[in-house]
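Scroll down for the structure; my scribbles are underneath it.
The figures here come from the full heavy-atom set of this structure, side chains too, leaving out hydrogens, waters and symmetry mates. Both ligands and their constituent atoms are indexed starting at 1 by order of listing.
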Amino acid sequence: MENGIERVNCLILGSGPAGFTAAVYAARANLAPVLYEGIEPGGQLMITTDVENYPGYPDGVQGPMMMDDFRKQAARMGTDIRAGFATSVDFSGPELKVEIDGKNTIIAGAVIISTGASAKWLGIESETRLNGHGVSACAVCDGFFFKGQPLAVIGGGDTAAEESLYLSKLSPKIHLIVRRDEMRASKVMQDRVFKSKNIEIHWNSETDEILGEEMVEGVRILNNKTNKKTVLDVKGFFVAIGHNPNTEIFKDYLDMDDAGYIITKPGSSHTNVAGVFAGGDAQDKVYRQAVTAAGTGCMAALDADRYLAEKELDEN
Ligand code: NDP
């Protein structure tokens, strides 16, 4: 530490599957990684119950338990795991500067961004109370648990269309709740939804309340044109109104798409700034799975390793 500034070889931001996988690879490559856990330690899996699609867990695993395993593995390999989150960055000069918790500055040889994305929620009380008990923001993660049951999906974009179509293969009845009289989803996705025999669309409809004490037992929707309320018999409620990538602090330096997802060079984790790499949901709006996040976290650590080795050669 010099004048409140710490120098770190490999700095990892975020503690979801991408961050911890990057940490395992970076630690094993002797990069002495320092990982800051971020605002939601463990990431989105901390609000998931059973995870049955992550390879290596034949009996499934609880999301928080899996993230604890990830954390332990990263720690055992020698990662310096710290509480705290990046509040601002300066990638304008030759040194990569990251401010932590609004006070400490870190100068890093390489930075791996794995800050993830956060699902958007409606923000109503019943949604928060029943989260993980029938309320979910991920059909691929949780749909299987509601096999054969009627379900609701809320949203009108590509995610809502995709989630409805995915669930329609598991459930006899999907109620798609759309707040306007048209969907925002691409034409091709809309066509698929319209053609599906078991997806019923409720236009101009908003969620009034999700019903149930312990588990979801129904949803009351409000038609915003007629003011009529209707109760739908559903056992699962899937919120698909979009995600926000946690990338705001990087926007002055990194190339991003319109929604704020970091753009990486195809087939790699390289961003437009040398020495800055991105993995996980911060750069992926299509797949968004724990296993793909882990894969891109691995890529980021391997890319960082090569970058640091080349930099050292250049300097000597
Ligand atoms: P979008 O922002 O595209 O759509 C969000 C939808 O949710 C909109 O229909 C919006 O309604 C609705 N919504 C937002 N807030 C509320 C609310 N409070 N109550 C009810 N409805 C609400 O998000 P997506 O996640 O669908 O997509 C994000 C991006 O990712 C898009 O560019 C999409 O194309 C892309 N994507 C691509 C996929 C693919 O290619 N396979 C799969 C999934 C996503 P309104 O229309 O009225 O604003």
Side-chain angles (χ1 to χ4, degrees), residues 44 47 53 115-131 135-143 151-169 174-196 199-211 216 219-230 232 234 236-248 251 255-264 266 278 280-293 296:
Q44 293 183 73
I47 52 160
N53 54 8
T115 45
S118 305
K120 289 185 196 164
W121 298 97
L122 297 173
I124 57 177
E125 184 276 332
S126 48
E127 174 193 56
T128 313
R129 183 166 47 80
L130 292 165
N131 201 324
V135 172
S136 166
C138 179
V140 179
C141 319
D142 298 326
L151 303 169
V153 175
I154 177 135
D158 277 326
T159 302
E162 206 168 67
E163 305 257 295
S164 304
L165 290 162
Y166 179 86
L167 293 171
S168 71
K169 291 188 226 124
I174 308 297
H175 297 277
L176 177 58
I177 304 163
V178 180
R179 69 177 172 184
R180 290 187 292 134
D181 59 1
E182 61 177 356
M183 291 180 74
R184 183 186 291 271
S186 55
K187 182 84 179 57
V188 56
M189 293 299 277
Q190 289 195 38
D191 283 348
R192 282 186 205 154
V193 168
F194 297 156
K195 278 189 192 138
S196 169
I199 301 176
E200 182 183 348
I201 304 181
H202 301 266
W203 299 106
N204 301 307
S205 295
E206 288 167 29
T207 307
D208 191 41
E209 194 181 353
I210 306 162
L211 308 172
V216 170
V219 57
R220 190 168 60 235
I221 58 170
L222 169 73
N223 185 303
N224 54 30
K225 289 270 184 272
T226 62
N227 274 335
K228 193 179 159 219
K229 290 184 180 177
T230 311
L232 305 174
V234 297
F237 183 86
F238 289 84
V239 182
I241 59 172
H243 285 77
N244 287 322
N246 303 318
T247 57
E248 179 68 20
K251 72 175 187 326
D255 291 344
M256 294 179 187
D257 70 8
D258 292 345
Y261 289 88
I262 297 170
I263 295 170
T264 49
D281 287 10
Q283 54 85 57
D284 171 20
K285 69 179 174 198
V286 178
Y287 301 104
R288 292 189 253 188
Q289 300 303 299
V291 69
T292 49
T296 51

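- Close approach of ligand 1 to Gly242 (heavy-atom distance below 4.0 Å) involves ligand atoms 23 (O), 25 (O).
- At least one side-chain heavy atom of His202 sits under 4.5 Å from a side-chain heavy atom of Leu232.
- The residue from Met183, Lys285, Arg180 that puts a heavy atom closest to atom 47 (O) of ligand 1 is Arg180.
- No N or O atom of Gly155 sits closer than 3.5 Å to an N or O atom of ligand 1.
- Put simply, the side chain of Glu127 does not reach to within 4.5 Å of the side chain of Asn131, judged on heavy atoms.
- If you check which protein heavy atom lies closest to atom 7 (O) of ligand 1, you get Ile241 CA, 3.4 Å.
- The shortest N or O to N or O distance between Lys120 and ligand 1 is not below 3.5 Å.
- For Ala160, no nitrogen or oxygen atom sits less than 3.5 Å from a nitrogen or oxygen atom of ligand 1, counting backbone and side chain alike.
- Applying the 4.0 Å criterion to heavy atoms of Gly156 picks out, from ligand 1, the atoms 6 (C), 7 (O), 8 (C), 9 (O).
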As a quick check of understanding, evaluate salt bridge (Lys or Arg N to Asp or Glu O under 4.0 Å) for Lys285 and Asp257, giving each step before the final call.
CA-CA 10 Å; Lys285 69 179 174 198; Asp257 70 8; 3.1 Å; yes
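- Per-atom contact check: atom 5 (C) of ligand 1 touches the protein, criterion being a heavy-atom distance below 4.0 Å.
- Of all protein heavy atoms, the one lying nearest to atom 43 (C) of ligand 1 is Thr159 OG1, 3.4 Å.
- For atom 31 (C) of ligand 1, the nearest protein heavy atom lies 4.0 Å or farther away.
- Protein heavy atom nearest atom 20 (C) of ligand 1, with residue, atom name and distance: Arg179 CD, 3.7 Å.
- For ligand 1, the atoms closer than 4.0 angstrom to any heavy atom of Arg288 are 43 (C), 44 (C).
- Taking the side chain as every heavy atom from C-beta outward, Tyr261 and His243 approach each other to under 4.5 Å.
- Nearest heavy atom pair, residue Ala160 against residue Ile154, reads CB-O, 4.3 Å.
- Of all heavy-atom pairs spanning Thr296 and Gly280, the tightest one is OG1-N, 2.8 Å.
- Among protein heavy atoms, atom 38 (C) of ligand 1 sits closest to Asp158 CB, 4.0 Å.
- At least one donor-acceptor pair under 3.5 Å links the side chain of Gln44 to the backbone N or O of Ala117.
- Of all protein heavy atoms, the one lying nearest to atom 48 (O) of ligand 1 is Arg184 NH2, 2.5 Å.
- Only side-chain heavy atoms of Leu122 come within less than 4.0 Å of ligand 1; its backbone N, CA, C and O stay farther off.
- A side-chain N or O of Ser118 and one of Asn246 form a donor-acceptor pair less than 3.5 Å apart.
- Crowding of Tyr287 atom OH: a count of heavy atoms from other residues, nucleotides or ligands under 6.0 Å not exceeding 12.
- Among all non-hydrogen protein atoms, the one lying nearest atom 39 (C) of ligand 1 is Glu162 OE2, 4.0 Å.
- Side-chain atoms of Asn223 and Glu206 include no donor-acceptor pair closer than 3.5 Å.
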